[in-house]
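Naming: A, B, ... by sequence-line order, numbering from 1 per chain.
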Amino acid sequence: MSDPLKVSKTVSTESKTVSMLAKRQQPYLQNLNSEQLSAVEETEGPLLVLAGAGTGKTRVLTTRLSHIIHTNRARPSEVLAVTFTNKAARQMVERVAELLGRPADGLWLGTFHSIAARILRQNAELVGLRSDFTILDTDDQTRLLKQLLKSRNIDDKRWPARTLCTMIQRWKDQGLSSNNIERIEILDKGEFANGEAPSIFLDYQKRLEILNAADFGDLLAHCITIFKSNPDLLSSYQKRFKYILVDEYQDTNVAQYLWLRLLAATEDQNICCVGDDDQSIYGWRGAEVGNILRFEKDFSGAKVIRLERNYRSSGNILEAASGLIGKNSGRLGKTLWTKGDQGLPISITGTWDGEEEARLIGNEIEILQEEGQCLEEIAILVRASFQTRAFEERFLSIGIPYRVIGGPRFYERQEIRDAIAYIRMLVQPDDDLAFERIINVPKRGLGDASLQIIHQISRAKNISLNASAQLLVQTDDLSKKARNSLAKLLEDFNRWRSLIKSHTHWELLKIILDESGYTDMWLHDKSPQSPGRLENLKELVSAIEEFEGFSTFLEHISLVMDNEEGRTSQNNAIIVANDANIPTKMLSIMTLNSAKGLEFNNVFLPGWEEGLFPHQLALDENGSTGLEEERRLAYVGLTRARKQVQIFFSANRRIYNQWVSSIPSRFIDEIPSDNVIAKPVNQTTHLDNVNKAHLNVDEKWISPAGYLGTKLRPRKELNSNDVRAEWEEEPAKTRHSGSKFNSGDRVIHRKFGLGVVKHADGDKLEILFDKVGRKKVIDRFIESE
DNA sequence: GATTGTCTTTTTTTT
DNA sequence: AAAGACAATC
C-alpha cells in the first residue's frame, strides 16, 4: 500500500478549517464515500457510527484515528481506542501507522481488558492490590472456587464450580462488584447451593485480595470502583483521553459501558462508537445490544451516521443476509446496498453425515484451487468447535493445508500452564494457585496429606501456602520424607531466584524446567503426547525470549488470549510470539464467533441443522432472544463472504459417540429463495460414498420451503465426475523425481497406518493403505516403514 | 503416597 | 471417544 499521508508537514493548520481543502490535501481521505468521510471528520462530540457488514468500518475507524493525530487535535497518548480482540487492536495499530507513515507511539489502543489492566496496575493500591497483581484465568478461578465450595461442604458435583464461576463472571459483566452485594442477592434466585452463591462470591473476592490477584471481570470492575471513589483520579484520566474510539460497540457489556461512560463524561464527550446491532453475538458474555440502541439517549447531542454501502459481498449474498436478518425484531435497521454484481447464488447441500460433509467441502475446495482461488481466501465457519475435527481429518488426508483459528490455546495446555506456574512461583512466591499446581509436579512425594497440612497452617495463620511451607520445614508436622522434599523445593526456588540477576529469563526458565525435574518427567513419560509437550516447552522457552522479562510475559499470556496463528496442519507446535510467519497459504477453519471482522472470497457454512445451528442450548436458555442471537450469527457468517457462500447440513451427526439425526436449520428457509440454489443430495454422491449416500434422502431432506431437489446448481455440476476423472487420470501424468517416496515404498501414516505408495507427485502421494484403502496424502504425514 | 482400573460425564460461542 | 473422578490396591 502506498503512503497517502506522506504529503504534509505544513498542512495541519489549514486542514482544521476547511474540509474541502483538507480533502484535497489529505489524500487518505480521498477514497472515502461521503458517509465515511463525515464519520471521519465529525471529530467533536458524541458520535455513533452504525456500520453494516462490509461497509468499511475498520477503515473509518483507522482513518478517523489517524486524522485526529495528523491534524494535531490530539497527541497519540491522548487518544483511547478500545477493541474487543487483540487481533483487531493489532490491525488497528498497523493500519494507523500505515496511514500516518510512522508508528503512532503512545496510543492507548487495546482491548477493554488490557487497557483496564494498565489503568488498574497504576492504581492497584486503591482496591487493596499491589501493582504486580496476578491475573487469573478461568482455570485458576474454578480451582479457587472449588476450594471454597469444599470448605463449606457443598457438593461440587451437584453445584459445579464452573457454574458458579460463570455466575460470578456474569455479575461482574453487569457491573456488579462485591460492593453491590445487596443487589446481587436480589438478582440471585437462590438456585445455586440454596442461595449461598452471593456469600461465596464475597469469600472469593477476599481470597483474591489475599492472593493479590484479579480475575478477568475484576480488571474492569476494580477500575470502575476506583473511578467512582476517586473523582480526582477519574478526572485526570478524563482529561488525558481527549478522544475515545470504541469498536464493536454492540458487544459491550454493562461493565464496559459504565467504564466508558465514566471516562467519556466530560464536557466535549468526544466519544465515537462504531458498531452494528445486527452483529451482536456475545450476549452470552453479558453484551447488551441495548447499549447501542440507547446511545443517543446516553450521550446528549449525539450524532448518528449510517454506513450502508457494502463493498464486500455480491448482491446475492447481501440479499440473502438481509432477508435472513429481517426476521429479527428490535433492530435499528439498515439497508445495505451494493453496486457490485449479483454474483453466485448461495448453494445449499444436504449430506448424509458429518464425514460426507467434510468430504464434499474438501472437493469443492480442490475445485476452487484448480480455478486458481487462493486457500487464504477460503474459510469454513462452524457453529461449535467440535465440528472442526471432521474437517481436520479430511484435510490431513487429502493434504490441504489448513489452520484452526482459536482452537485449543497454547497457554492452556497442561505443560505450558505448569511451566507458567513455576514462573509465577518464582516472581510471586505467594501465588497459592501456582504453588498448588506445581508442588507435586513432577512427583515429589508431596501428596494430598502434606498439602492439607500446609493448607491448615496457612488458613490458621492467614498466610500464603508458600509462607506456611517455609514454617513447616522447621517443624515436625510433616513426615520426614515430605519435609525433606519440601525443603529441597523451597531451596531450589531460592536458588533460582538468586539467578534472576545473572541469567536471562529464558535461560533461567530452561534451568528451572531441567532442575525441577519437569523436563525429565515428560522425557520418561511414555504417552504419545509427550514428545509434543516437550516440543511445546521448547517453544515456550524460545517464545519467552521475545519478552523483556517474566512479568511482561505473564501479562502477555494473561491478556493476549488469542494465539494468532492458530493450530495448523503444518505444525503442531503453536507459536506465542507475534512475529512468526507461516509460509504456506492456508485454508482457515474457525467458529462463527471468531470470524467476525474477517472476510473471504469463499465461505463454507456447514452444520446448518436444528439443534446445532440454531443451537439447542441457545434456544433453551434464552428463548427467542437466543434465537435472534443465533440468527445474527448466521448473518455474520453469510456476510463474511465476498463471492460465494456454500451452506451444508447433515442428516446425521455423531455427538458424544451417539448418532443424532436432525432436520435442516430453519435459517435455511429464511434465506429468500431467489438467492439460493439447492443441490439435490443424490447428485452430490461421491465415489467414496456411493453405497450409503442416498438412503431415503428425498422424503427426509426436503425442507419445508421445498428447496431440496427442486433446483440445480448453475456452476460446475457437482464434481464427482471431475474428481473421478482427475483421480483416474493422475497416474498418467508425469511423475516428478522431487518426491521423497517412490511407487512401491512401504510407508506409515499416523492415522491410516501401513500402506504402499502407488504414485508419487512431488509431495502428493497416492497410497493404498492396508486398512483404509486408497487415499491421497501429503508426504509430510508419511514415514518410511 | 502412588498406581491402576472402573465409572462417570460431557456447555457453544471467549476477553 | 476421551478425559476426569473415584475407589481399590500396591
Side-chain angles (χ1 to χ4, degrees), chain A residues 82-89 110-117 135-139 141-142 146 155-157 160 162-163 165-166 169-170 172-173 214-220 247-248 251-253 255-256 259 280-287 381-389 393 405-409 411-412 414 439-452 478-479 481-482 485 527-529 557-563 590-596 607 611-622 626 629-630 632-634 636-637 654-659:
Chain A
V82 248
T83 61
F84 268 80
T85 63
N86 294 291
K87 194 165 74 185
T111 60
F112 275 99
H113 294 276
S114 65
I115 290 176
I135 300 171
L136 300 189
D137 59 25
T138 345
D139 195 70
Q141 289 175 59
T142 322
K146 221 174 210 170
D155 180 10
D156 81 328
K157 262 192 157 160
R162 288 184 58 186
T163 314
C165 189
T166 35
Q169 208 62 51
R170 212 42 83 72
K172 289 184 180 172
D173 285 343
D215 67 21
F216 248 74
D218 283 340
L219 297 177
L220 282 152
D247 194 10
E248 310 279 16
D251 286 328
T252 48
N253 59 35
Q256 289 159 336
W259 188 85
S280 165
I281 53 176
Y282 284 96
W284 51 274
R285 212 171 65 189
L381 310 181
V382 298
R383 173 70 246 265
S385 45
F386 79 85
Q387 292 174 265
T388 59
R389 185 196 279 177
E393 281 173 6
I405 293 175
R409 310 224 165 113
Y411 79 98
E412 273 173 1
Q414 187 190 339
I439 179 168
N440 202 27
V441 179
K443 299 259 185 299
R444 301 189 172 88
L446 293 163
D448 241 17
S450 309
L451 190 59
Q452 283 314 315
L478 290 172
S479 73
K481 230 173 88 189
S485 168
S527 73
Q529 298 106 314
I557 51 155
S558 49
L559 288 171
V560 180
M561 305 295 245
D562 38 291
N563 78 67
M590 70 190 95
T591 61
L592 285 161
N593 287 274
S594 48
K596 194 167 61 168
L612 176 57
F613 192 35
H615 200 284
Q616 196 57 47
L617 283 173
L619 301 179
D620 290 348
E621 279 172 22
N622 295 309
E629 180 151 317
E630 295 285 297
R632 290 194 291 266
L633 211 43
V636 169
R654 199 170 49 192
I655 297 172
Y656 301 136
N657 207 27
Q658 274 197 328
W659 285 98

Give one of base, sugar-phosphate or nothing for [X], where a contact means two heavy atoms less than 4.0 Å apart.
| X | result |
| --- | --- |
| Ser114(A) | nothing |
| Ser479(A) | nothing |
| Tyr282(A) | sugar-phosphate |

Return the stacking result for dT13(B) and Trp284(A): yes when the ring centres lie under 5.5 Å apart and the planes under 30°, no otherwise.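 Trp284(A) ring centre within cut-off of dT13(B) base, planes near parallel; stacks.
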Whether His615(A) stacks on the six-membered ring of dT12(B) base, 5.5 Å and 30° limits: yes
First of Lys481(A) and Glu621(A) reached from the 5' end of DNA chain B, by closest nucleotide: Lys481(A)
Closest nucleotide of DNA chain B for Leu617(A) versus for Gln169(A): which of these residues is on the 5' side? Leu617(A)
Please report the distance, rounded to the nearest Å, between [atom1] in [X] and [atom2] in [N].
| X | N | atom1 | atom2 | result |
| --- | --- | --- | --- | --- |
| Glu629(A) | dT13(B) | CD | C1' | 8 Å |
| Asp137(A) | dT15(B) | CG | P | 13 Å |
| Ile281(A) | dT14(B) | CD1 | P | 9 Å |
| Ile439(A) | dG1(B) | CD1 | P | 11 Å |
| Asp251(A) | dT15(B) | CG | C1' | 11 Å |
| Arg162(A) | dT9(B) | CZ | P | 15 Å |
| Leu381(A) | dT12(B) | CG | C1' | 15 Å |
| Met590(A) | dT12(B) | CE | C1' | 17 Å |

Short side-chain to backbone donor-acceptor contact, [X] and [Y], under 3.5 Å:
| X | Y | value |
| --- | --- | --- |
| Gln387(A) | Ala384(A) | yes |
| Glu630(A) | Phe613(A) | no |
| Arg444(A) | Ala482(A) | no |

Proximity to the side chain of [X] - top-ranked nucleotide from [options]:
| X | options | result |
| --- | --- | --- |
| Lys443(A) | dT12(B), dT11(B), dT3(B) | dT3(B) |
| Ala449(A) | dT14(B), dT11(B), dG1(B) | dG1(B) |
| Thr591(A) | dG1(B), dT15(B), dT13(B) | dT13(B) |
| Thr85(A) | dT12(B), dT15(B), dT11(B) | dT15(B) |
| Asn440(A) | dG1(B), dA2(B), dT12(B) | dA2(B) |

So which protein N/O to nucleotides 1-10 of chain C N/O distances come out below 3.5 Å?
unit_1, atom_1, unit_2, atom_2, d
dA1(C), OP2, Asn657(A), ND2, 3.3
dA1(C), O5', Asn657(A), OD1, 3.4

Heavy-atom donor-acceptor pair, Arg285(A) side-chain to dT15(B) base, under 3.5 Å: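 Not at all, since no donor on one side and acceptor on the other fall under 3.5 Å apart.
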Taking donor-acceptor contacts at under 3.5 Å, does the side chain of Arg383(A) reach the base of dT13(B)? yes
Does Thr591(A) form a side chain to side chain donor-acceptor pair (under 3.5 Å) with Ser594(A)? I'd like the steps, not just the answer. CA-CA 5 Å; Thr591(A) 61; Ser594(A) 48; 2.8 Å; yes
If only side-chain N and O atoms count, and only distance matters, is there a donor-acceptor pair under 3.5 Å linking Ser385(A) with Thr388(A)? no
Under a 4.0 Å N-O cut-off, is there an ion pair linking Lys172(A) with Asp218(A)? yes
What's the spacing between Phe112(A) CZ and Asp247(A) CG if we round to 0.5 Å? 9.5 Å
Over 12 non-hydrogen atoms of neighbours within 6.0 angstrom of CD in Gln658(A):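 At most 12 heavy atoms, drawn from other residues, nucleotides or ligands, come within 6.0 Å of this atom.
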